[in-house]
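Here the structure comes first, spelled out in C-alpha cells, and everything after it is commentary.
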Amino acid sequence: MTRYAINPPELKDARSIGYNHAIIDGQQFYMAGQVAMDADSNVVGDDIETQARKAYENVGVLLEAIGMTYADVAKVTTHIVDAKEHYYDGYKEVYLETFEEPYPCHTVLGHDQLANEDYLVEVEVELPLTEADVDAIEPDGDVVREL
C-alpha cells in the first residue's frame, strides 16, 4: 500500500517536533490541524480573520503539494476559540471566500484555548483520493516522501 508524508517547506518543520503535516495512507488523506503559523514558527495575526486566512493558506499549501485544490475538499473541521463571537465575526467570511458551492461539510467546535494561547483557530480538512490521484503524486523525498 502506498504511503506518503507531506511536509512543504512553506510550513513549520513538523518533523523536528515529532509529526508530519499530512499523511496519505492508501487512498486516505490525513492532516494535522493547520493554524496561523509561518515556517519560522511565528503566529501570524492577532485577530480571527487574519489567523483564519493563514490557516487556510497553510491548508492550500498541503493540497497543492499533492495536486489538489480547495474544490476537492469534502469536509472541514474548524476549532475556534470563543466560537460564539469569532465564527460570525471574521471566520465565516474567510471560509466563504475559500470555498464555493457545493460547499464541503463543515463542523465548528468551540474551545477555551488551543495548543498555543495565541491561536484563535485551527483547521483540518478531509478529501477523497482516487487511485489515479494517488498514482499522480510524485514523491521527491523531501516535500512528499514515500514511507
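Basis for what follows: all heavy atoms, side chains included, without hydrogens, waters or symmetry-related copies.
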Single-linkage hydrophobic cluster, 4.5 Å side-chain cutoff, [X] and [Y] together:
X      : Y      : value
Val73  : Leu96  : yes
Phe29  : Ile23  : no
Tyr103 : Ile80  : yes
Leu120 : Val108 : yes
Ile6   : Ile137 : yes

inquiry  = Pair Lys75, Thr107 - check side-chain contact (heavy atoms from CB on, under 4.5 Å), show working.
reply    = CA-CA 8 Å; Lys75 182 170 188 333; Thr107 299; 2.9 Å; yes
May I ask you to decide if [Y]'s main-chain N or O and [X]'s side chain share a donor-acceptor pair within less than 3.5 Å?
X     : Y     : value
His21 : Gln34 : no
Asp38 : Ser41 : yes
Asp25 : Gln28 : no

Once side chain to side chain donor-acceptor pair (under 3.5 Å) is applied, do any residues pair with [X], and if so which ones, sequence neighbours excluded?
X     : value
Glu97 : Arg53
Asp13 : none
Ser16 : none

Could you pull out every donor-acceptor pair under 3.5 Å between side chains of residues 121-130 and any protein atom, sequence neighbours left out?
{"unit_1": "Glu124", "atom_1": "OE2", "unit_2": "His79", "atom_2": "NE2", "d": "3.3"}
{"unit_1": "Thr130", "atom_1": "OG1", "unit_2": "Ala132", "atom_2": "N", "d": "3.3"}
{"unit_1": "Thr130", "atom_1": "OG1", "unit_2": "Asp133", "atom_2": "N", "d": "3.0"}
{"unit_1": "Thr130", "atom_1": "OG1", "unit_2": "Asp133", "atom_2": "OD2", "d": "3.2"}

ask   = Which other residues belong to the hydrophobic cluster containing Tyr19, where Ile, Leu, Val, Met, Phe, Trp and Tyr are joined when side-chain heavy atoms lie under 4.5 Å apart, directly or via other members?
value =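 Its cluster mates, by chain and number, are Ile17.
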inquiry  = Does Thr98 form a side-chain contact (heavy atoms from CB on, under 4.5 Å) with Tyr95? I'd like the steps, not just the answer.
reply    = CA-CA 5 Å; Thr98 304; Tyr95 172 84; 5.7 Å; no
message = Working to the nearest 0.5 angstrom, can you tell me the gap between Leu62 CG and Glu57 CD?
response =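 Interatomic distance, Leu62 CG to Glu57 CD, rounded to 0.5 Å: 11.5 Å.
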Pairs under 3.5 angstrom only: tabulate donor-acceptor contacts from the side chains of residues 81-94 to other protein residues two or more places apart or in another chain.
{"unit_1": "His86", "atom_1": "ND1", "unit_2": "Val81", "atom_2": "O", "d": "2.6"}
{"unit_1": "Tyr91", "atom_1": "OH", "unit_2": "Tyr56", "atom_2": "OH", "d": "2.5"}
{"unit_1": "Tyr91", "atom_1": "OH", "unit_2": "Thr78", "atom_2": "OG1", "d": "2.7"}
{"unit_1": "Tyr91", "atom_1": "OH", "unit_2": "His106", "atom_2": "NE2", "d": "3.1"}

Taking all heavy atoms of [X] and all of [Y], pick out the closest pair and write down the distance.
X     : Y      : value
Ala14 : Asn7   : CB-OD1, 4.0 Å
Val76 : Pro104 : CG2-CG, 3.8 Å
Ala32 : Asn20  : CB-O, 3.9 Å

inquiry  = Could you walk me through whether Asp135 and Thr2 satisfy the side-chain contact (heavy atoms from CB on, under 4.5 Å) test, starting with their C-alpha distance in whole Å, then the side-chain angles of each, then the deciding distance to 0.1 Å, before giving a yes or no?
reply    = CA-CA 9 Å; Asp135 288 345; Thr2 305; 5.6 Å; no
key: Heavy-atom side-chain contact between Gln51 and Asp47 under 4.5 Å   =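 Side chain of Gln51 against side chain of Asp47, heavy atoms only: no contact under 4.5 Å found.
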query = Would you say Tyr4 and Val134 make side-chain contact, with heavy atoms under 4.5 Å?
reply =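 They are in contact (side-chain heavy atoms under 4.5 Å apart), so the answer is yes.
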query = If you draw a 6.0 Å radius around CG in Asp140, do more than 12 non-hydrogen atoms from other residues or ligands fall strictly inside?
reply =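 Yes.
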task = Begin with the C-alpha distance, continue with both residues' side-chain angles, and end with the deciding distance and a verdict on side-chain contact (heavy atoms from CB on, under 4.5 Å) for Val44 and Met37.
result = CA-CA 6 Å; Val44 176; Met37 181 182 289; over 6 Å; no
